[in-house]
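Contents: one structure, followed by commentary.
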Amino acid sequence: MSAEIAPGGLVLVQELVNTLDVETARDALTSVGDLAEFSERHSLPRLPPTEIAELVRLREALRAVLLVHAGHLPTGVPIPPVVPTPASGPGPGRIDTSPADPTAELNRLLTIGPLLLRVDTGGAATLVPVGGLRGVSFVTARVAAAVAEGVREGNWWRLKACEAPNCQWAYYDRSPAGRRRWCSMRVCGSRAKMRAYRARRRDV
């Protein structure tokens, strides 16, 4: 696995998704020490044990959308990579509400983290969590604000999850065309190409 660090607030989303190492099954959200370190690094509140399951659901919903950014549905069904165009702007131009929509769960979870538009003395406007939020609701609002910032800056669609089923590590795609499919071409990409080559040989 490899992961270039995402810019701005998107690093929170990236590191949340990467609290699970799919290959080794190590989950930082189930370790008291690892979770405390993650929370402290991102200035997040300590979560009670009863809210960890909701945070895990948020993490996996984010992973599903990052897989879409890389051009794959979480089910493994290939779809065209998300690449911005002058007409559509920096990312998808519509929300698919079909039953197979991988964004449905994330949209549902984000409703518990409302945001407030705040204008500072210099006139700059930012989205911040509504006052009074606690626990996983505050974390969700921070994630929502980070996504909004990424959309505004035009880089949300570059945050992706590796398509390798035994990896799915979140990485930031800095390639000029924005069409990377794996976190590391040297590791996951090479493995995928070798599997494809072997499959073609078997079919001959």
Side-chain angles (χ1 to χ4, degrees), residues 1-70 74 91 102-121 124-162 167-174 183:
M1 66 185 65
S2 173
E4 293 192 49
I5 297 176
L10 286 180
V11 70
L12 168 60
V13 178
Q14 181 182 23
E15 292 196 0
L16 175 57
V17 171
N18 289 343
T19 55
L20 174 66
D21 185 330
V22 172
E23 189 169 18
T24 66
R26 177 182 172 85
D27 190 342
L29 297 186
T30 62
S31 163
V32 174
D34 290 343
L35 177 57
E37 181 183 346
F38 172 79
S39 299
E40 183 176 351
R41 187 163 63 250
H42 293 286
S43 302
L44 300 173
R46 298 289 181 92
L47 297 183
T50 54
E51 294 190 346
I52 299 302
E54 188 75 1
L55 184 58
V56 169
R57 282 192 285 271
L58 176 62
R59 178 185 68 193
E60 297 311 313
L62 287 165
R63 190 190 313 278
V65 173
L66 300 193
L67 281 167
V68 173
H69 286 182
T103 69
E105 176 69 354
L106 181 59
N107 286 328
R108 182 189 71 78
L109 292 169
L110 289 176
T111 60
I112 70 168
L115 299 174
L116 175 70
L117 183 65
R118 177 170 293 169
V119 180
D120 64 23
T121 56
T126 55
L127 288 170
V128 298
V130 168
L133 293 180
R134 297 289 185 270
V136 74
S137 294
F138 179 80
V139 177
T140 301
R142 283 280 307 279
V143 166
V147 171
E149 176 190 330
V151 171
R152 184 190 67 214
E153 298 296 327
N155 50 34
W156 162 235
W157 66 275
R158 284 185 176 270
L159 186 58
K160 304 177 179 182
C162 181
C167 181
Q168 298 190 348
W169 198 251
Y171 65 95
Y172 188 75
D173 183 357
R174 295 185 183 276
C183 63

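Fair warning: this is a prediction, and the values are worked out from it, not measured in the lab.
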Exercise for the section: Return the set of residues passing side-chain contact (heavy atoms from CB on, under 4.5 Å) with Thr30 (not counting sequence neighbours), or none when no residue passes. Expected result: Asp27

Problem - Side-chain heavy-atom pair Leu10, Trp156 within 4.5 angstrom cut-off - result: yes

Handout entry: SG-CD distance between Cys183 and Gln168, expressed to the nearest 0.5 angstrom
Key = 10.5 Å

Completion exercise
To the nearest 0.5 Å, atom CG of Leu67 lies from atom NZ of Lys160 at 11.5 Å

Exercise for the section: Indicate yes or no for a side-chain donor-acceptor contact from Arg158 to the backbone of Asp173 under 3.5 Å, with no hydrogens or angles considered. Expected result: yes

Handout entry: Within residues 10-56 or reaching into it, pairs that qualify as ring pair (Phe, Tyr, Trp, His ring centres under 6.0 Å) - sequence neighbours excluded
Key = Phe38-His42

Fill in the blank from the handout: Across all chains, not counting sequence neighbours, the side-chain hydrogen bond (donor to acceptor under 3.5 Å, both in side chains) partners of Glu60 are Arg63

Practice task
Any chance you could lay out the side-chain contact (heavy atoms from CB on, under 4.5 Å) test for Asn155 and Leu159, step after step, and finish with the verdict?
Solution key: CA-CA 7 Å; Asn155 50 34; Leu159 186 58; over 6 Å; no

Exercise for the section: Flag yes if more than 12 heavy atoms outside Arg26 fall under 6.0 Å of its CZ atom; otherwise flag no. Expected result: no

Exercise for the section: Give every residue pair that meets the ring pair (Phe, Tyr, Trp, His ring centres under 6.0 Å) criterion with at least one member in residues 15-37, sequence neighbours excluded. Expected result: none

Handout entry: Atom of Leu110, atom of Ala144 and distance for their closest heavy-atom approach
Key = CD2-CB, 4.0 Å

Practice task
With the side chain counted from C-beta on, respond yes when Thr140 and Val143 share a heavy-atom pair under 4.5 Å apart, and no when they do not.
Solution key: no

Practice task
Might you work through the side-chain contact (heavy atoms from CB on, under 4.5 Å) test for Asn18 and Trp169, ending with a clear yes or no?
Solution key: CA-CA 6 Å; Asn18 289 343; Trp169 198 251; 3.3 Å; yes

Exercise for the section: Any salt bridge (charged side-chain N to carboxylate O under 4.0 Å, His left out) involving residues 124-148? Give me the pairs, sequence neighbours left out, ordered by first then second residue. Expected result: none

In residues 113-121, what donor-acceptor pairs under 3.5 Å come from side-chain atoms, sequence neighbours left out?
unit_1	atom_1	unit_2	atom_2	d
Asp120	OD1	Gly122	N	2.9
Asp120	OD1	Gly123	N	2.9
Asp120	OD1	Ala124	N	2.9

Handout entry: Closest non-hydrogen atom pair, Leu127 against Ala148
Key = CD1-CB, 3.6 Å

Exercise for the section: Please report the C-alpha distance between Leu16 and Leu55 in whole Å, then the side-chain angles of each, then the deciding distance to 0.1 Å, and finally whether the side-chain contact (heavy atoms from CB on, under 4.5 Å) criterion is met. Expected result: CA-CA 9 Å; Leu16 175 57; Leu55 184 58; 4.1 Å; yes

Exercise for the section: Can you sort out the partners of Ser137 under side-chain contact (heavy atoms from CB on, under 4.5 Å), two or more places apart, ordered by chain and number? Expected result: Ile112, Leu133

Problem - Results of side-chain hydrogen bond (donor to acceptor under 3.5 Å, both in side chains) for Thr19 - residues two or more places apart only - result: Arg59

Exercise for the section: Would you name the heavy atoms of Val13 and Ala146 that are closest together and state the gap between them? Expected result: CG2-CB, 4.1 Å

Problem - Audit row: Tyr171, Glu4, side-chain contact (heavy atoms from CB on, under 4.5 Å) steps and yes/no - result: CA-CA 6 Å; Tyr171 65 95; Glu4 293 192 49; 6.0 Å; no

Practice task
Scan residues 105-117 for pairs that pass salt bridge (charged side-chain N to carboxylate O under 4.0 Å, His left out), counting only residues two or more places apart or in two chains.
Solution key: Glu105-Arg108

Problem - From CG (Leu29) to CD1 (Ile52), nearest 0.5 Å - result: 6.5 Å

Handout entry: Over all atoms of both residues, closest heavy-atom pair of Phe138 and Pro45
Key = CD2-CD, 3.4 Å

Fill in the blank from the handout: Contacts satisfying side chain to side chain donor-acceptor pair (under 3.5 Å) that involve residues 43-54 (not counting sequence neighbours) are Glu54-Arg57

